[in-house]
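Notes for the one structure printed next.
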Amino acid sequence: MEAFQLLCRGGARFDKQRFKENLALFDSKKTASHRAEKSVSENAELPTELDFFKYAKGGSGKRKAVEIEDEELETEVQRKPELDHDSNDNAPEKKRQRVTTKGSDVPPPIVSFNDLQERFNLPKRLLSNLSSNNYVNPTGIQAHAVPILLEGRDLAAISPTGTGKTLSYLLPVMSSLGVPMSNSKHDGSDGVRAVILAPTRELAHQIHNECLKLAEGRKWRIVLFSKATAATLAVKSVRDKIDIIISTPLRLVASLQDGKLVLNNVRHLVLDEADRLLDSEFISQTEEVIAACTHPELQKCVFSATLPAGAEKIAMSLLMDPIRVVVGLKDTPLPLIVQSLRYVADESSKLPTLLTYLSQPYNPPILVFTSTQPRASSLAEQLILNSVPNVDCLHAGMTKKEREDAVSRMRKGESWVMISTEVMARGMDFKGIRGVINYDFPTSVQSYVHRIGRTGRAGREGLAITYFTNEDASYLKAIANVLSQSGSTVPEWMLKLPKPSKLKRRQMGKVNRGDAVSKAGNIGRSLAIKRKDMVAGSKRRKAKDKDE
DNA sequence: AAAAAAC
């Protein structure tokens with residue numbers, strides 16, 4: 001491991017001169033990356049039926065017409081504030097991100113953050129913290145979600161990657177809490193008042209940072225839950241002064257089971273990346289946290305860029321009289337991400353293809369996704385051995401410190417090529433990421449959408465390239481559909497590929513996509529799934545108890 | 001379905 005780190009350092013020298021040259025090159029020739037990619041294709045022998053570039057002349061012609069400005073987005077929001085039906089069947093050529101809401105008595109959206117002061121008496125400090133952190137105008141999801149949450153309603157919010165979901169729940173939660181627990185005005189009810197759940201440590205950390213920005217100037221106690229903080233919170237007098245806990249589910253569950261944490265005063269529970277937190281691997285933990293939040297005035301909300309039908313049903317069953325807000329088309333990436341699919345024949349041609357790509361001028365930093373931890377490590381090693389500069393690696397098999405260091409290098413712009421696993425796929429907001437390469441094909445539509453959503457954030461452009469081999473053929477159609485739906489040009493033959501079996505379609509999260517909102521009675525099935533998961537969860541817990 | 005992630 002140490003040897004690897006040394007290698008990493010050695011290979012990771014920051015070559016400012018080259019960096020400058022690259023930037024200069026790219027400012028004048030925006031299409032160079034496309035050309036670089038095309039020249040690579042000469043290396044590979046393509047079977048005619050898989051010759052992507054034969055069909056994809058000019059790459060993303062359709063997409064160029066789609067220029068989304070934040071301002072445009074808002075006018076759209078103002079014009080159509082209260083549409084009352086699902087947008088799933090809308091034509092994909094809709095250029096702008098539109099917002100659809102569903103539910104009873106939906107509060108109207110805000111136009112500017114200042115509206116919040118009149119309508120909800122938002123603390124002045126929060127408003128000034130917004131502007132001092134350069135939050136000027138609310139995004140579509142913020143305009144809709146903030147008033148809904150401030151009215152105390154439960155909410156399911158679906159909005160594309162990089163559209164400001166975090167602020168959409170932090171702002172109303174902090175406003176609703178009103179006065180920090182440390183303030184002497186509080187002596188009645190004691191204990192943690194808000195819990196925010198996220199699926200990875202890195203994401204919890206990032207949410208914590210955002211939360212601290214809003215907290216500036218007041219004595220909020222906002223805790224990024226970890227082993228260390230869990231120990232200090234075992235003391236009731238400390239715990240009772242906590243305002244917000246941000247955590248991964250399992251960390252909270254561990255403390256709950258130890259009896260060292262009580263959540264019976266929690267008034268706000270947020271599930272970020274909700275579909276992930278409700279999937280079969282996480283749901284028993286998530287449910288345990290939800291069950292521990294016993295306060296009758298508990299407000300719950302779920303946020304994600306994707307919400308497959310199964311997860312949506314579970315989410316809706318958790319919420320009380322919920323409002324559902326969808327920005328854009330569900331399970332669809334932002335249109336300002338230029339997406340392409342790249343045929344690489346087989347496993348052995350992936351590395352040469354990537355090396356060629358990285359040997360040409362490209363826009364750093366880029367994020368490269370692999371399917372497993374060992375593949376991430378060894379790919380990073382290979383790139384370093386091949387003298388690729390500023391290569392970095394991040395997966396959950398690394399130590400906490402290694403992970404933190406990698407994130408900080410990324411934030412500082414020191415990494416040009418970050419090799420990672422799914423751990424980086426969701427929620428992480430590295431503003432500068434120019435491109436994403438799916439070195440290994442994503443295993444679901446949701447994974448694809450979240451992975452490429454690491455680029456093209458907050459109105460910036462981004463590039464997404466997905467390698468596919470012959471082995472990935474059965475999943476290709478589903479991903480090709482995503483490209484097509486979000487306005488990228490896709491070769492006809494990909495869309496005409498035979499439908500994968502029903503099993504495969506379910507794997508790709510595509511089943512029931514059209515009629516996602518439970519018109520049909522699939523509730524029995526979803527309950528069955530839920531029960532199965534709970535049994536699995538309790539079995540796991542029992543096994544754990546035995547161990548201890 | 002499988003890997004990853006969560007402690």
Side-chain angles (χ1 to χ4, degrees), chain A residues 195-207 224-231 233-234 245-261 271-290 304 308 310 367-379 393-400 402-403 406-407 419-428 438-448 450-451 471-472 474-475 478 500-511 529 532-533 536-537 540-541 543-545 547-548:
Chain A
V195 170
I196 297 164
L197 290 183
T200 64
R201 253 186 239 154
E202 279 76 13
L203 183 53
H205 199 293
Q206 180 180 289
I207 295 166
L224 177 57
F225 210 53
S226 67
K227 225 176 203 148
T229 53
L233 291 202
I245 280 183
I246 301 161
S247 176
T248 55
L250 195 52
R251 183 57 260 175
L252 276 190
V253 167
S255 284
L256 287 171
Q257 290 180 348
D258 284 354
K260 287 182 178 160
L261 183 65
L271 307 187
D272 202 345
E273 305 297 343
D275 52 336
R276 180 74 180 96
L277 292 177
L278 297 174
D279 80 12
S280 60
E281 293 301 297
F282 261 116
I283 186 149
S284 62
Q285 302 165 26
T286 306
E287 279 179 334
E288 202 160 331
V289 174
I290 296 171
S304 186
L367 194 49
V368 179
F369 283 102
T370 62
S371 59
T372 67
Q373 295 178 7
R375 282 177 66 75
S377 302
S378 78
L379 178 59
C393 182
L394 175 47
H395 59 67
M398 294 159 53
T399 66
K400 198 181 172 195
E402 287 168 335
R403 287 169 69 168
V407 169
I419 318 289
S420 188
T421 60
E422 286 300 300
V423 71
M424 281 288 100
R426 283 173 175 262
M428 294 312 293
N438 288 315
Y439 189 80
D440 292 330
F441 207 73
T443 55
S444 70
V445 166
Q446 286 73 30
S447 165
Y448 177 75
H450 284 278
R451 280 178 178 192
E471 285 178 9
D472 301 317
S474 48
Y475 303 102
S501 66
K502 203 165 191 186
L503 183 66
K504 288 227 165 94
R505 280 171 63 219
R506 191 167 306 147
Q507 287 164 18
M508 296 300 287
K510 294 292 270 192
V511 168
I529 290 169
K532 193 188 76 191
D533 289 329
R540 218 173 299 147
R541 278 194 294 281
K544 211 175 162 191
D545 291 343
D547 290 346
E548 283 163 5

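Quick note on labels: first sequence line is chain A, next is B, and so on, each numbered from 1. Not measured: the values here are computed from a predicted model.
- Contact between the side-chain N/O atoms of A:Ser371 and the OP1/OP2 oxygens of B:dA2 is not found at any separation under 4.0 Å.
- A:Phe282 contributes atom CZ, which lies 11.5 Å from atom CG of A:Leu271 (distance to the nearest 0.5 angstrom).
- In this structure, CZ of A:Arg451 is placed 11 Å from C1' of B:dA4, rounded to the nearest angstrom.
- Within the model, atoms CZ of A:Arg251 and NZ of A:Lys227 stand 6.5 Å from one another, a figure rounded to the nearest 0.5 Å.
- Within the 4.0 angstrom heavy-atom criterion, only backbone atoms of the sugar-phosphate kind lie near A:Pro199; the bases stay farther away.
- Straight-line distance from the CG atom of A:Asp440 to the P atom of B:dA3: 12 Å, rounded to whole Å.
- The distance between atom CD of A:Glu202 and atom P of B:dC7, rounded to the nearest whole Å, is 10 Å.
- Contact annotation for A:Arg426: no contact, since no heavy-atom pair falls under 4.0 Å across all strands.
- Contact between the side-chain N/O atoms of A:Thr421 and the OP1/OP2 oxygens of B:dA5 is found at a separation under 4.0 Å.
- The residue A:Arg201 sits close only to the backbone: its heavy atoms come under 4.0 Å of sugar-phosphate atoms, none of a base.
- Side-chain proximity of A:Glu281 to the nucleotides B:dA1, B:dC7, B:dA3 is greatest for B:dA3.
- Classification of A:Arg276 and A:Glu281 as a salt-bridged pair fails, no side-chain N sitting under 4.0 Å from a carboxylate O.
- Separating the CG atom of A:Leu271 from the P atom of B:dA6 is a distance of 17 Å, rounded to the nearest angstrom.
- With hydrogens and angles ignored, no donor-acceptor pair under 3.5 angstrom links the side chain of A:Glu422 to the base of B:dA5.
- A salt bridge links A:Asp275 to A:Arg426: one of the charged nitrogens lies within less than 4.0 Å of a carboxylate oxygen.
- Comparing atom distances between the A:Arg403 side chain and each of B:dA2, B:dA4, B:dA5 picks out B:dA5 as nearest.
- Here B:dA5 is the nucleotide among B:dA2, B:dC7, B:dA5 with the atom lying nearest to any side-chain atom of A:Thr200.
- The salt bridge (Lys or Arg N to Asp or Glu O under 4.0 Å) test applied to A:Arg403 returns A:Glu202, not counting sequence neighbours.
- Atoms CZ (A:Phe225) and P (B:dA5) sit 22 Å apart, rounded to a whole Å.
- In this structure, CG of A:Asp279 is placed 13 Å from P of B:dA6, rounded to the nearest angstrom.
- Distance CD (A:Gln446) to C1' (B:dA2): 14 Å, rounded to an integer number of Å.
- Summarising the geometry, the separation between NZ on A:Lys400 and P on B:dC7 is reported as 9 Å, rounded to the nearest angstrom.
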